[in-house]
2 protein chains.
Amino acid sequence: MKDDPKYQYMSQIMKALAHPTRLFILDLLAEKEYCVCELQKQIGTDISTVSKHLAVLKNAGLISSHKVNNQVWYNLLCPCVLDFYNCVSEIKN
Amino acid sequence: MKDDPKYQYMSQIMKALAHPTRLFILDLLAEKEYCVCELQKQIGTDISTVSKHLAVLKNAGLISSHKVNNQVWYNLLCPCVLDFYNCVSEIKN
DNA sequence: TTCCTATTTGGCAAAATAGGCAAATAGGTC
DNA sequence: GACCTATTTGCCTATTTTGCCAAATAGGAA
């Protein structure tokens with residue numbers, strides 16, 4: 001039961017959400033699509049770090065990307081993730 | 001913006017959800033409350049491992065516990081977490 | 001008190017994750 | 001071809017997480 005692949009699968013998605021920078025990225029992508037360099041300006045870390053965070057989110061199926069010339073644009077695939085923000089925000093520590 | 005404490009806080013909760021065993025525990029607690037030894041039977045790992053997973057979930061505010069004699073019973077505090085399961089389940093890899 | 005069961009805690013080693021830098025890749029322009 | 005910009009990948013180190021074992025703690029019962 002514990003080894004049901006559904007828990008493996010869901011924990012992979014939760015892991016993708018388990019980083020402040022990635023949550024911030026999803027919040028940004030909720031408004032509009034961004035290219036990597038614009039996200040990098042908002043975030044402030046090395047662009048390779050941003051790229052890796054985006055790869056994690058994409059691998060989890062949360063975002064998608066398309067290329068325009070030499071830029072890669074990312075957009076949100078699963079807006080329901082943001083609804084969960086509200087639920088989680090109400091949990092008090 | 002990235003350093004907004006809300007992202008720190010939410011990522012902490014997401015981290016608590018980012019493990020197959022802990023997701024399984026929440027699924028069990030959705031039905032009824034369990035004591036540690038009953039959870040251990042369902043999960044099959046060392047009981048100290050179960051106890052630590054429970055501590056992670058409790059620290060995140062997702063579950064609560066109360067003691068009856070020498071047993072500790074745990075129950076779910078945030079059923080909305082399970083609604084998120086449905087959202088996440090629909091994300092395709 | 002001693003004994004028994006239930007649970008937590010500490011320590012440790014293995015595995016996973018994060019982030020920076022440099023190099024590689026991709027696409028365009030000159 | 002050489003050059004420039006945008007992005008990804010590889011490598012490395014530091015940090016965090018995981019899970020087991022043993023020890024400690026808590027609460028009853030004999």
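If you're wondering where the values come from, they're calculated on a predicted model, not measured in any experiment.
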Measure from [atom1] on [X] to [atom2] on [N] and round the result to the nearest Å.
X	N	atom1	atom2	value
A:Trp73	C:dG27	CH2	P	17 Å
B:Asn69	C:dT8	CG	P	15 Å
B:Gln71	C:dT8	CD	P	11 Å
B:His53	C:dT8	NE2	C1'	15 Å

Among A:Gln40, A:Lys41, A:Gln42, whose side chain to side chain contact (heavy atoms under 4.5 Å, CB included) with A:Val50 holds?
A:Gln40
Check the hydrophobic clustering (I, L, V, M, F, W, Y; side-chain heavy atoms under 4.5 Å; chains of links allowed) and say if B:Leu29 and B:Val72 are grouped together.
yes
Please give me every residue in residues 41-49 of chain A whose heavy atoms get under 4.0 Å of an atom in DNA chain C, ordered by residue number.
A:Thr45, A:Asp46, A:Ser48, A:Thr49
Gap separating the NE2 atom of B:His66 from the CG atom of B:Asn75, nearest 0.5 angstrom:
5.0 Å
Rounded at 0.5 Å granularity, tell me how far CG in A:Leu23 sits from NE2 in A:His19.
9.5 Å
For the residue pair A:Ile63 and A:Leu26, establish whether any side-chain heavy-atom pair is separated by less than 4.5 Å.
yes
Given side chains that start at C-beta, do those of B:Met10 and A:Leu17 come closer than 4.5 Å, heavy atoms only?
no
Covered region of DNA chain D, 5' end to 3' end, by chain B [heavy atoms, under 4.0 Å]
D:dT17 to D:dG28
Given A:Glu38 and A:Trp73, is the side chain to side chain contact (heavy atoms under 4.5 Å, CB included) satisfied, shown in steps?
CA-CA 10 Å; A:Glu38 282 179 352; A:Trp73 294 81; 4.0 Å; yes
Sorted by position of nearest nucleotide on DNA chain D, 5' first, the leading residue of A:Val72 and A:Lys52 is A:Val72
Under 3.5 Å, is there a donor-acceptor pair between the side chain of B:Ser51 and the main chain of B:Ile47?
no
